[in-house]
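Notes follow once the structure below has been shown.
Order of the sequence lines sets the chain letters (A, B, ...), proteins ahead of strands, with each chain counted from 1.
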2 protein chains.
Amino acid sequence: MDRLDALRVFCAVVEHSSFSRAATELNISVAKTSKLVQSLEQALNTSLLRRNTRRITLTEAGERYYHDVVPLLEEMANIDARVERMTTTITGTLRMTMPLDFGRRLIMPLIPDFKLTYPDLELDIELSDRHADLVAEGFDLGLRVANLKDSSLIAKPLGTYRMKCAASPEYLARHPAINTPEDLEAHPCLTYSLSAQPSNWHLIRGEEEARVRVRSALQLNNGDLLAQAACQHLGVLYQPDFILSTYLDSGALTPILTDWQDRMVHAWLVYPARKYLPMKVQAMLGFLKNHLSDQ
Amino acid sequence: MDRLDALRVFCAVVEHSSFSRAATELNISVAKTSKLVQSLEQALNTSLLRRNTRRITLTEAGERYYHDVVPLLEEMANIDARVERMTTTITGTLRMTMPLDFGRRLIMPLIPDFKLTYPDLELDIELSDRHADLVAEGFDLGLRVANLKDSSLIAKPLGTYRMKCAASPEYLARHPAINTPEDLEAHPCLTYSLSAQPSNWHLIRGEEEARVRVRSALQLNNGDLLAQAACQHLGVLYQPDFILSTYLDSGALTPILTDWQDRMVHAWLVYPARKYLPMKVQAMLGFLKNHLSDQ
DNA sequence: TCACTGTTTTCCAAATTCGAAAAAGCCATT
DNA sequence: AATGGCTTTTTCGAATTTGGAAAACAGTGA
């Protein structure tokens with residue numbers, strides 16, 4: 001028998017001075033009412049109610065118990081109501097983690113709009129180029145631009161981006177031409193440490209696949225800094241378009257191997273597997289889906 | 001699943017940051033631990049813990065819930081402890097009811113001794129010549145000198161007393177002699193209203209039984225006042241020896257029909273049927289048994 | 001004594017609970 | 001990549017518990 005139910009039933013019986021009225025009130029059978037009170041008495045090894053078939057009065061222990069239990073039940077109801085409110089409204093703090101560049105270029109511009117939509121939701125965003133452990137560090141939501149490790153996390157695709165090769169015009173002028181993927185092997189390359197295999201670049205043209213093992217002249221966990229290195233003529237870059245676009249537009253970098261169809265990279269939203277996804281997470285999921293897919 | 005158990009398990013899991021350590025601590029299986037927390041989450045329709053197989057952290061709702069529930073559980077434990085103390089020690093108030101004369105003559109003399117034995121137990125004694133409803137009026141214990149009505153009450157025999165016939169010497173001198181029970185029918189009698197059948201007197205001699213329907217000149221619910229009426233020569237009295245003894249010793253009343261073996265009357269302790277008899281009631285039961293039987 | 005109301009007990013089918021073991025997942029090490 | 005240790009979750013069948021209908025029982029008033 002559920003102890004908390006037993007307490008509630010006991011209180012109802014006391015308040016109505018009757019098992020049958022309490023049962024009616026609580027919408028349970030009279031038999032259950034009787035059994036629950038008995039189970040409570042058994043658990044406490046005490047009679048709480050003096051009773052015959054016509055009357056009910058509290059024993060001294062019962063009086064004390066009732067007196068103490070009523071505020072406890074009220075408090076319990078308050079606690080439940082508080083949690084209920086937390087789950088049905090979009091409030092509190094949403095803790096996220098995402099790669100620095102992705103956050104800076106794609107997410108931050110959306111934040112003002114988000115805050116207007118959900119003014120009561122605090123955001124706690126960690127910008128970090130590493131794979132944080134969502135569970136260990138208490139993140140509600142993570143944003144990943146990479147191959148996902150196997151994990152108990154739930155992953156939702158957020159968008160796809162194209163990987164492009166590029167280098168600075170000056171670098172290209174001073175080094176051998178790059179016409180095929182294999183030509184890359186002769187060049188110093190700028191590699192991204194969070195890729196599954198940083199030095200293995202993977203290009204596609206029609207049905208044709210090329211896997212090139214490049215020489216890493218510089219490896220970083222931050223794509224923007226890699227691009228800046230490329231601008232300083234340090235080597236060939238292989239990064240998603242949302243990083244490169246600024247540099248290509250300004251002419252600081254020049255695309256190469258443009259006839260090779262760029263491989264797609266997926267961005268993912270990941271969150272700890274849960275049956276009961278909090279509203280705040282759902283809100284962010286929906287918001288990002290809407291605002292990033294039609295970008 | 002017991003909700004209160006679920007709360008305790010949830011708190012233990014939080015405190016140990018581990019289902020298995022919590023299970024060990026609480027001496028339950030790991031499976032049960034997992035299921036209890038799940039049932040709690042289901043009841044609240046919220047995830048309380050982010051978890052994978054290696055780590056556990058609280059969600060925002062879980063944090064709040066844990067924070068609120070810990071003091072609640074403590075309070076619950078206090079309440080239980082308080083009741084536990086009430087049932088294992090002899091304290092509080094014992095509410096009794098008993099007939100006025102019986103109380104005055106037989107019980108009151110024992111009270112000082114009782115209070116010395118159980119100094120922490122308050123006594124609330126109602127002296128009343130009526131059959132109080134123990135349940136309705138919240139008595140822990142009743143003392144009855146009469147035939148018991150059928151009832152759900154538990155009755156324990158406390159002692160036996162002899163019914164005697166008596167009248168004042170002056171009355172006897174002025175009225176016809178009383179040699180057989182049937183002679184009583186010609187006399188005005190003093191009857192006790194709380195007897196099952198006040199006007200039917202029942203005397204015994206060996207195997208011989210006599211049931212006499214007497215004429216009631218005065219009927220009261222108090223034996224002592226009846227005896228005083230007899231002293232004023234109002235009629236013949238039929239009362240237990242503990243009432244009569246004072247009057248017989250002083251010579252104010254004279255016994256009659258002495259060859260008729262006096263019928264026994266029983267005194268009973270009665271209390272509401274209960275599985276869990278409070279210590280205070282047990283104490284009084286034991287005390288009266290000891291001090292009244294060797295009287 | 002009977003009728004009526006209210007509580008407890010009994011009975012039994014249905015639902016739930018329980019633990020052991022298997023499965024699944026994570027992580028560090030090799 | 002594979003291994004092994006550690007943890008949580010799921011599965012599954014046996015055992016227990018639950019819950020409601022009805023019977024039994026008690027007190028009350030007619």
Side-chain angles (χ1 to χ4, degrees), chain A residues 1-3 5-6 9-10 12-14 16-43 47-57 131-137 148-155 196-197 270 272-275, chain B residues 1-3 5-6 9-10 12-14 16-43 47-57 131-137 148-155 270 272-275:
Chain A
M1 297 267 186
D2 186 276
R3 180 72 176 274
D5 280 349
V9 166
F10 166 63
V13 169
V14 171
H16 293 91
S17 294
S18 157
F19 282 71
S20 49
R21 279 197 295 276
T24 311
E25 188 73 21
L26 297 174
N27 258 315
I28 57 177
S29 71
V30 184
K32 186 176 178 182
T33 308
S34 173
K35 285 179 191 172
L36 273 174
V37 171
Q38 283 180 47
S39 81
L40 184 58
E41 290 185 323
Q42 191 178 358
S47 288
L48 298 173
L49 298 167
R50 283 181 209 91
R51 47 196 186 272
N52 58 23
T53 63
R54 303 297 281 185
R55 283 178 190 284
I56 286 175
T57 52
H131 281 160
D133 180 336
L134 296 198
V135 169
E137 298 172 49
L148 298 171
K149 288 172 155 184
D150 285 0
S151 152
S152 64
L153 300 180
I154 302 294
Q197 296 163 314
V270 297
R274 304 204 224 158
K275 290 204 184 97
Chain B
M1 297 266 188
D2 186 275
R3 180 72 177 271
D5 279 349
V9 166
F10 167 63
V13 168
V14 171
H16 292 92
S17 295
S18 157
F19 282 72
S20 48
R21 279 197 295 276
T24 312
E25 188 73 21
L26 298 174
N27 258 316
I28 57 176
S29 71
V30 184
K32 186 176 179 184
T33 307
S34 173
K35 286 178 193 172
L36 273 174
V37 171
Q38 282 180 50
S39 80
L40 184 59
E41 290 184 324
Q42 190 178 359
S47 289
L48 298 172
L49 298 167
R50 281 180 212 94
R51 48 195 186 274
N52 58 24
T53 62
R54 303 295 281 187
R55 282 176 192 285
I56 286 175
T57 52
H131 281 160
D133 181 335
L134 295 199
V135 168
E137 299 172 49
L148 298 171
K149 288 173 157 184
D150 284 358
S151 152
S152 65
L153 300 180
I154 302 295
V270 297
R274 305 203 223 160
K275 290 204 184 96

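Toward the 5' end of DNA chain D, the nearer of the two residues B/L153 and B/T53, judged by each one's closest nucleotide, is B/T53. Comparing B/S18 and A/S29 by the nucleotide of DNA chain D whose heavy atom lies nearest to each, the residue mapping closer to the 5' end is B/S18. For the pair B/A31 and A/R21, both in contact range of DNA chain C, the more 5′-proximal nearest nucleotide belongs to A/R21.
For the residue pair A/V37 and A/F10, the shortest heavy atom distance occurs at CG2-CA, 4.3 Å.
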Side chains of residues 25-36 of chain A: which donor-acceptor partners sit under 3.5 Å, not counting sequence neighbours?
unit_1: A/S29; atom_1: OG; unit_2: A/K32; atom_2: N; d: 3.1
unit_1: A/T33; atom_1: OG1; unit_2: A/S29; atom_2: O; d: 2.9
unit_1: A/S34; atom_1: OG; unit_2: A/Q38; atom_2: NE2; d: 3.1

Using distance only, find each side-chain donor-acceptor pair of residues 17-24 of chain A under 3.5 Å and give its atom names and separation, not counting sequence neighbours.
unit_1: A/S18; atom_1: OG; unit_2: A/S20; atom_2: N; d: 3.2
unit_1: A/S18; atom_1: OG; unit_2: A/S20; atom_2: OG; d: 3.2
unit_1: A/S18; atom_1: OG; unit_2: A/R21; atom_2: N; d: 3.0
unit_1: A/R21; atom_1: NE; unit_2: A/H16; atom_2: O; d: 3.4
unit_1: A/R21; atom_1: NH2; unit_2: A/H16; atom_2: O; d: 2.8
unit_1: A/T24; atom_1: OG1; unit_2: A/S20; atom_2: O; d: 2.8

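Listed by chain and number, the residues in a side-chain contact (heavy atoms from CB on, under 4.5 Å) with B/L153 are B/L134, B/R144, B/S151, B/V270, B/P272 (sequence neighbours excluded). Not counting sequence neighbours, the partners of A/R50 by the side chain to side chain donor-acceptor pair (under 3.5 Å) test are A/T57, B/D140. Scored by the side chain to side chain donor-acceptor pair (under 3.5 Å) test, A/E137 finds A/R130 as partners (sequence neighbours excluded).
B/I56 comes within 4.0 angstrom of the backbone, heavy atoms only, and of no base. Among the protein residues, A/D133 comes within range of the sugar-phosphate backbone only, with heavy atoms under 4.0 Å from sugar or phosphate atoms but none that close to a base.
Within residues 34-42 of chain A, the residues having any heavy atom under 4.0 Å from DNA chain D are, by residue number, A/K35.
Among the nucleotides C/dC18, C/dT8, D/dT28, the one closest to the side chain of A/F19 is C/dT8.
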List, with names and distances, any nitrogen or oxygen atoms from the protein found under 3.5 Å away from nitrogen or oxygen atoms belonging to nucleotides 28-30 of chain C.
none

Evaluate the criterion side-chain contact (heavy atoms from CB on, under 4.5 Å) for residue pair B/N52 and A/D133; output intermediate values, then yes/no. CA-CA 10 Å; B/N52 58 24; A/D133 180 336; 4.2 Å; yes

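Atom CZ in B/R51 sits about 18 Å away from atom P in C/dA24, given to the nearest Å. Across the protein-nucleic acid pair, A/N27 atom CG and D/dG20 atom C1' stand 14 Å apart, rounded to whole Å.
Distances shorter than 4.0 Å separate some side-chain N or O of A/K32 from OP1 or OP2 on D/dG19.
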